[in-house]
Amino acid sequence: MRETADGASGKRQMIEHHLDDDMLVHYSAGTLAEGWSVAVATHLALCPACRSNLAMLESVGGYFLQREQGDNGDVSEGWNNLKARIEAGEIENVLPMKRHSADPTFPEPLRSYIHGAGGLKWRRLGRGAAHMIIPTDDSTTTVRLLKIPAGQPVPAHSHDGSELTLVLDGSFSDEVSTFRRGDVEMADGDLTHQPKANPDRDCICLAVTDAPLRFRSRFMRWLQPLLGI
Ligand SMILES: [Zn+2]
């Protein structure tokens, strides 16, 4: 299913890359660390499809989810069973969730986090790129805003842990796909990619990581501690 969101430019854009069910289940259960939760909640503010998935999850409750857990105890399998039953009309009273009307570049809760950090303060990374660390109480993740100038690549890197990137303005493309406002890309150790901002405008993303990025270039690895990435 394709959903639309108003872009910062006012143009209607398609959200094609969504949160995975597993992340939504943990968010709903309150077991997701704060860093990831900031990105999940910000995506939810932009994405009616994931909001209605979450509404389904919340309206049936954790008790039911546990009963529906797969034989191997996999919560996401339980969620798939549950969705199938809701879609088959076996479960009713699933509450619809209202679409948020305001759609600024930095939706809540992200806006409050930026405000709490003293407002937007970009720190230069070189070649026009900049970042801003967003403080949270979660020591297991790093949350940052990343600005990539129009048409510029981010240095090629892979991941020791996981990386969630949520596009807030502009768009980027990598070996996997093109990601526009509202789109989420999840990357882990299996993916080496070189995201490149598309030429029409600067790309601003929210990025959450739970380990430092692994850069391919030796120069970038040398620079990494100085840049704080
Ligand atoms: Zn979504």
Side-chain angles (χ1 to χ4, degrees), residues 1-60 62 65 74-84 86-87 94-114 134 141 143-146 162-174 176-188 191 193 195 198 203-210:
M1 185 175 28
R2 290 186 158 201
E3 298 290 344
T4 60
D6 296 327
S9 61
K11 259 189 350 204
R12 305 287 285 176
Q13 292 172 332
M14 313 296 271
I15 294 183
E16 290 185 57
H17 303 280
H18 297 273
L19 299 167
D20 59 42
D21 286 345
D22 204 40
M23 200 160 252
L24 218 47
V25 165
H26 284 288
Y27 178 78
S28 166
T31 53
L32 196 61
E34 185 187 1
W36 306 112
S37 296
V38 175
V40 168
T42 304
H43 175 81
L44 286 168
L46 297 173
C47 181
C50 287
R51 283 206 298 277
S52 74
N53 269 352
L54 180 70
M56 275 200 245
L57 267 177
E58 288 181 337
S59 62
V60 291
L65 192 65
D74 178 2
V75 177
S76 129
E77 189 181 322
W79 171 227
N80 287 334
N81 294 343
L82 196 56
K83 266 205 301 198
I86 291 167
E87 276 155 18
V94 174
L95 302 172
M97 217 164 161
K98 276 205 194 117
R99 180 158 186 199
H100 297 205
S101 51
D103 206 4
T105 304
F106 303 112
E108 289 293 2
L110 180 58
R111 197 163 4 134
S112 294
Y113 274 91
I114 294 172
I134 294 178
T141 57
V143 181
R144 80 181 79 228
L145 287 170
L146 201 59
S162 302
E163 178 188 40
L164 184 161
T165 308
L166 167 65
V167 180
L168 296 164
D169 200 9
S171 60
F172 73 83
S173 299
D174 66 6
V176 177
S177 189
T178 292
F179 297 86
R180 300 180 181 83
R181 175 167 163 84
D183 281 335
V184 171
E185 182 176 41
M186 278 303 300
D188 59 21
L191 176 71
H193 65 161
N198 291 320
C203 180
I204 297 178
C205 298
L206 179 68
V208 185
T209 47
D210 58 8

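Whatever order the structure lists ligands and atoms in, that order sets their numbers, starting from 1. Everything numeric here is computed off the predicted structure, so don't read it as measured data.
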E108 versus Y113, side-chain donor and acceptor atoms under 3.5 Å: no
Exam field: side chain D210 to backbone T141, donor-acceptor pair closer than 3.5 Å: no
Any donor-acceptor pair under 3.5 Å linking the side chain of R181 with the backbone of L168? yes
Near the Zn ion (ligand 1), meaning under 2.8 Å, the protein N/O/S atoms are H18 ND1, H43 NE2, C47 SG, C50 SG
Side-chain donor/acceptor of R180 to backbone N/O of S171, under 3.5 Å: no
I'd like to know if the side chain of R144 reaches the main chain of A207, judged simply by a donor and an acceptor atom lying under 3.5 Å from each other, with no hydrogens or angles considered. no
Donor-acceptor pair, D174 side chain versus S177 backbone, under 3.5 Å? yes
